[in-house]
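The structure appears below as structure tokens.
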Amino acid sequence: MIKLDSAEYAKRRKALMEKMSPNSIAILASAPVTVRNRDVEHPFRQDSDFYYLSGFDEEHSVLVLIPGREHGEYVLFCQEKIKEQEIWTGRRVGPEAAPDILGCDDAFPITDIDDILPGLIEGKDRIYANLGTSPEFDQKLMQWVNHIKAQVRSGATPPHEFSALDHLLHELRLVKSPAEVEVMRHAAEISAEAHTRAMQTVRPGMREYQLEAELMQIFMAAGSRWPAYPSIVGAGDNACILHYTRNDDVIDDGDLILIDAGCELDYYASDITRTFPSNGRFSEPQRALYQLVLDAQYAAIEATKPGNHWNQPHEAAVQVLVEGLVELGLLEGSVDELIESQAYRQFYMHKTGHWLGMDVHDVGEYRVDGEWRTLQPGMVLTIEPGLYVAPDDDSVDEKWRGIGIRIEDDVVVTEKGCDILTKDVVKEIADIEALMSA
Ligand code: GLY
Ligand code: MN
Ligand code: MN
């Protein structure tokens, strides 16, 4: 499995500290442990911001950055190595080994944080933190600051400004380094293989989750421990439910199957959607709508290049979709008016993509100073137009009803245009039919 090296994490911390104001401190907590039911916890997944800066995947940890601190700018609080606890919950790095393994300057037991952290905050003008994400952490932060305030008569100076850490950090995360793009390319290749496998193995009569098992098999065999999000495997009408994850229906002969699934690799997401017929042959109505979505996707990819703004791929996709919907008789009226009034939202109710990175819906602003953001090399996004005709939509001919289609690829913006990371899985009708009949 590809892992980023420690120099990459050091570079990120340095870049963040260069953006912080003078005499400030950044404090970031690890992800919470959450309960699934009674004694069972959800699998722990480190907070993406925390992992971006540390590469450290343990719970109950706090990362502190103090630009210019003489005794070291990077301080970590983490769980101690305690044999009796490690027997139950697994191995820990521990504060002694943390500097060597993680590159921090100082590491302390998390149980000592209330004694140590106020001393690190004291005298700083500003605290950067992800306020509002965890009430427990916000409360802790106030306790540490109040501890300092209680000592002002002894000369202590509490910070007087709080700033959003994510505002600085997410700008860094938005533009991917070459090393990050390589991990994302690998994740995309694994997911492409999984989608190919699903097309090859599907048979009418299977349950949707049995097809999901084929995806999981490829993800894990290829070195990905988890999907980046719950896989969507929707057959027939279920393809029209945008966030369908029950995946427990029987796949019927003649259904279109929409699979939206991507693996996570070393904390980077991939996100692919393919739609294909359960029996290997598109019917005429399925074929017509599928080709329309594919044409819209090509138009959106064409519009994904540096200098274009964030919304241009979406606008390009909508233009093609609306023209096609009018031609096929699903919408009536002038194309411009249907776009203006957003009447197409009856069949296309989401946007054409999102940033992709450590989070599947990744961080980064879509607008800057009120204007759509300009695309630049290193940004990674999805291109995922779709059409969804509700099964009970009696405003259209019966033959269209219950057809749901989405085609989604992951692309990285390059100097000249964009590079499709997920190109290894077919999407042309002829190629899908050929693969499925082989
Ligand atoms: N898989 C979530 C999305 O496509 O946005
Ligand atoms: Mn997506
Ligand atoms: Mn998706």
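In this chain, numbering begins with 1 at the start of the sequence shown. Numbering of ligands and ligand atoms starts at 1, following listing order. Side chains included, hydrogens not; waters and symmetry mates left out as well; all remaining heavy atoms used. Because the structure is a prediction, the values reported are computed rather than measured.
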With rounding to the nearest 0.5 angstrom, report the CG to CE distance, L169 to M20.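 Answer rounded to 0.5 Å: 10.5 Å.
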Could K11 and E180 be called an ion pair, given the rule that one side-chain N must be under 4.0 Å from one carboxylate O?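 Answer for the salt bridge query: no.
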May I ask you to say whether E398 pairs ionically with R401, meaning some side-chain N is under 4.0 Å from a carboxylate O?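 Salt bridge flag = no for R401 with E398.
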Is V360 close enough to touch ligand 1? Criterion: a residue heavy atom under 4.0 Å from a ligand atom.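 It does not, in that no heavy atom of V360 comes within the 4.0 Å cut-off of ligand 1.
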Taking a cutoff of less than 4.0 Å between a non-hydrogen atom of the residue and any ligand atom, is H350 in contact with ligand 1? no
Taking the N/O/S atoms of E384 one by one, which is nearest to the Mn ion (ligand 2)?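 That would be atom OE2.
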What is the name of the N/O/S atom in H354 that sits closest to the Mn ion (ligand 2)?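 The closest N, O or S atom of H354 to the Mn ion (ligand 2) is NE2.
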The Mn ion (ligand 3) - name of the N/O/S atom of D271 that sits closest to it: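 For D271, the N, O or S atom at the smallest distance from the Mn ion (ligand 3) is OD1.
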Could you tell me whether the side chain of Q297 reaches within less than 4.5 Å of the side chain of L294, counting heavy atoms only? yes
Verify the distance test for E408 against the Mn ion (ligand 3): any N/O/S atom under 2.8 Å, yes or no.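 Yes.
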Parallel, tilted or perpendicular: which fits the ring planes of F137 and W144, with parallel below 30° and perpendicular above 60°? perpendicular
Numbered atoms of ligand 1 (with element) below 4.0 Å of H361, judged on heavy atoms: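 Counting from 1, the qualifying ligand atoms are 2 (C), 3 (C), 5 (O).
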Those atoms of ligand 1 less than 4.0 Å from some heavy atom in Y229: 1 (N)
Are R12 and Y9 in a cation-pi setup, meaning NZ or CZ lies under 6.0 angstrom from the ring centre and within 45 degrees of the ring axis?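 Yes, a cation-pi geometry holds between R12 and Y9.
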Are any of the N/O atoms on E408, whether in the backbone or the side chain, positioned under 3.5 angstrom from an N/O atom of ligand 1?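 Yes, E408 has an N/O under 3.5 Å of an N/O on ligand 1.
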Evaluate ring pair (Phe, Tyr, Trp, His ring centres under 6.0 Å) for Y348 paired with H350, printing each intermediate quantity in order. CA-CA 6 Å; Y348 184 40; H350 60 76; 4.9 Å; yes
